[in-house]
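Presented below is the structure to which this report refers.
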Amino acid sequence: MDVTSIFLAVQEVFQPLTLLYLAIGVFFGIIAGAIPGFTFTMAIILAFPFTFGMDPITGLTLMIGIYIGGLSGGLISGTLLGIPGTPSSVVTIFDGFPMAKRGEGSRALGIGIVSSVLGTIIGAIILFALGPVISRVALNFGPWEIFALVVFALTLIAGLSGANLIKGLIAGCIGLLIGTVGIAPTGQIRFDFGYPSLSSGLSAIPVLIGLFAFSQLFKNVEEIKEAYSSKDKAVLKSKVKIPYLQVIKDVYKEKWNVFRSSTIGCFIGALPAAGAESANFISYDRAKKSSKEKENFGKGHPGGIVAAESSNNAVAGGAFIPTITLGIPGDVAQAVMIGALILHGITPGPGLFQQQPVLVNSIYVAIICSAIFVLIIQTLLLPLLIRITLVPKSILIPSILVLSTVGAFALNNRPFDIWVVFVFGLVGFLLEKADVPLGPVILGLILGPTLEAELIRAFQISPEISTFFTRPISLVFLLLAIGSIFFTLRQRKKEQGTTAEIQKRAS
């Protein structure tokens with residue numbers, strides 16, 4: 001443990017301007033998470049261009065703030081109205097909304113906020129403990145191991161993205177194809193179709209903004225109705241006062257639930273694209289089975305909120321494990337952060353701990369500070385945050401369209417990037433219409449260049465394909481890749497059989 005780099009990281013993050021950006025990130029992350037349809041992933045993508053003029057630590061800190069705030073923000077509308085602000089807040093509704101209907105909405109919000117904070121801190125501690133260990137092992141990886149690892153990550157991503165494995169694999173291949181446009185690792189220009197603007201390749205950020213932000217906005221325009229009814233708005237405008245003493249008692253009573261759920265969330269978060277949704281359902285199931293009051297789960301039990309929110313935010317610490325140790329993004333938000341580091345000339349991966357120890361430790365510090373800001377901002381400004389979520393979509397959509405377009409242009413000052421945003425916005429919208437997941441597209445785009453470069457390096461060192469199977473770690477990753485596909489196919493078949501049986505009984 002390098003105490004000096006930890007001390008320097010604390011100094012960097014505790015710079016007044018960096019702390020201000022962190023607080024701003026948390027604030028806007030909470031808002032993005034609280035408004036249904038406007039995810040924190042979109043907020044991180046839109047914030048990316050604003051990090052160009054910042055140093056790497058400050059820029060990363062801003063995005064970490066949005067990430068942590070967004071993970072927690074979804075509980076607001078989910079608890080008070082039963083409308084999840086983010087997909088990861090669905091499980092919170094199971095017990096948060098029934099408590100709100102009993103007139104205990106403030107108590108449910110308090111439990112959710114405190115559990116989110118504790119989950120974030122526990123996730124950061126696990127990241128701090130495991131990150132250096134994994135990076136030391138990964139330093140021994142050659143191009144064969146890295147290639148096999150990326151293949152495994154891509155198959156796992158496809159398998160965990162929705163109900164259709166084939167569509168997930170197609171999405172990943174689309175991302176890989178997008179990444180081949182421009183200059184190849186061998187120096188040749190390919191797939192430019194005679195357009196000079198394509199010869200340097202497609203920048204990941206305009207593609208990201210198009211696929212995620214614009215496609216979602218197109219979807220919102222198509223469904224141009226407000227998220228809340230007049231009755232919902234009346235609920236949101238009502239006074240909310242958190243009973244702090246009762247909340248502390250509730251969370252203390254569920255202390256083992258907090259630790260177990262946070263641990264589950266962190267380790268599931270470390271699996272590429274497994275996501276907070278998977279962690280929430282697994283943690284909730286374990287909490288229910290371990291409780292002496294399991295019959296009250298789903299009817300407004302504090303333990304259900306604790307399990308959902310602590311695992312939800314602990315995912316952040318877990319998702320950073322493959323990102324900073326292996327250079328494999330744990331989710332789409334992490335893919336954007338990798339893009340931010342690369343823009344500053346920093347390559348995430350095993351060498352990051354030796355080359356940028358202060359940066360790595362600043363991630364731990366920023367995550368913990370974000371948790372504290374989540375507690376302060378959601379506690380003191382909760383009534384304001386709730387009212388901000390009432391901003392009409394007719395105002396939000398045009399504002400975000402303008403911001404995202406300006407952000408895409410600011411990357412390289414090229415009008416071409418604005419066209420990239422619009423084209424990929426339409427592509428993303430059509431893919432969603434076809435139920436093709438967008439996550440694998442982006443992760444394929446981010447990981448594709450690494451996959452290709454390491455494959456070429458491997459064959460330059462040894463032209464024998466058998467080397468991929470004779471090196472133990474490479475072989476293990478390739479077997480895991482095959483195993484993940486077979487496991488996913490088996491799970492899909494099992495689910496289809498269960499669905500058919502239920503339908504048969506119903507008829």
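Quick note: numbers below take in every heavy atom, side chains included, and nothing from hydrogens, waters or symmetry partners. Since the model is a prediction, treat every value here as computed from it, not as a measurement.
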> Could you go step by step and tell me if I461 and W144 meet the side-chain contact (heavy atoms from CB on, under 4.5 Å) rule?
Replying inline: CA-CA 10 Å; I461 296 170; W144 305 273; 3.7 Å; yes
So, [X] and [Y]: side-chain donor and acceptor under 3.5 Å apart, yes or no?
X	Y	value
E12	S362	no
T467	S462	yes
T180	E452	no

Judged by atom type as modelled, is there a donor-acceptor pair below 3.5 Å linking the side chain of [X] to the main-chain atoms of [Y]?
X	Y	result
S310	V306	yes
S474	T470	no
T18	F14	no
N312	L71	yes
S311	A308	yes

For [X] against [Y], the heavy-atom pair lying closest together:
X	Y	value
L176	G444	CD2-O, 3.5 Å
S262	G119	OG-CA, 3.4 Å
S261	A307	OG-CA, 3.4 Å
P206	V420	CB-CG1, 3.8 Å
V374	G69	CG2-CA, 4.1 Å
S116	L75	OG-CD2, 3.9 Å

Can you find a heavy atom in the side chain of [X] that is under 4.5 Å from one in the side chain of [Y]?
X	Y	result
L60	I363	yes
L22	S370	yes
L480	F477	yes
R260	S290	yes
I113	L375	yes
F424	L202	yes
I178	V441	yes
F373	L19	yes

Neighbour count above 12 (heavy atom, 6.0 Å) for [X] [atom1]:
X	atom1	value
Y21	OH	no
Y364	OH	yes
I465	CD1	no
F459	CZ	yes

>> Applying side-chain contact (heavy atoms from CB on, under 4.5 Å) to I30 and Q378, what does each step give before you reach the verdict?
In response: CA-CA 8 Å; I30 292 169; Q378 282 199 328; 3.5 Å; yes
What's the spacing between [X] [atom1] and [Y] [atom2] if we round to 0.5 Å?
X	Y	atom1	atom2	result
L127	I122	CG	CD1	13.5 Å
E145	L475	CD	CG	10.5 Å
I367	T61	CD1	OG1	10.0 Å
I146	L455	CD1	CG	12.5 Å
I57	L62	CD1	CG	14.0 Å
N313	I121	CG	CD1	10.5 Å

>> Show, in sequence, the C-alpha distance, side-chain angles and deciding distance for Y67 and I44, and conclude whether the side-chain contact (heavy atoms from CB on, under 4.5 Å) test is met.
In response: CA-CA 7 Å; Y67 187 38; I44 291 173; 3.9 Å; yes
>> Walk me through whether E309 and S72 qualify under side-chain hydrogen bond (donor to acceptor under 3.5 Å, both in side chains).
In response: CA-CA 7 Å; E309 287 301 317; S72 181; 4.8 Å; no
> Would you call K167 and E432 a salt bridge, using N to O less than 4.0 angstrom?
Replying inline: no
> Taking the six-membered ring for Trp, are the ring centroids of F320 and F128 within less than 6.0 Å of each other?
Replying inline: no
> Going through the distances and angles, do M337 and I64 end up as a side-chain contact (heavy atoms from CB on, under 4.5 Å)?
Replying inline: CA-CA 9 Å; M337 293 186 210; I64 288 171; 4.3 Å; yes
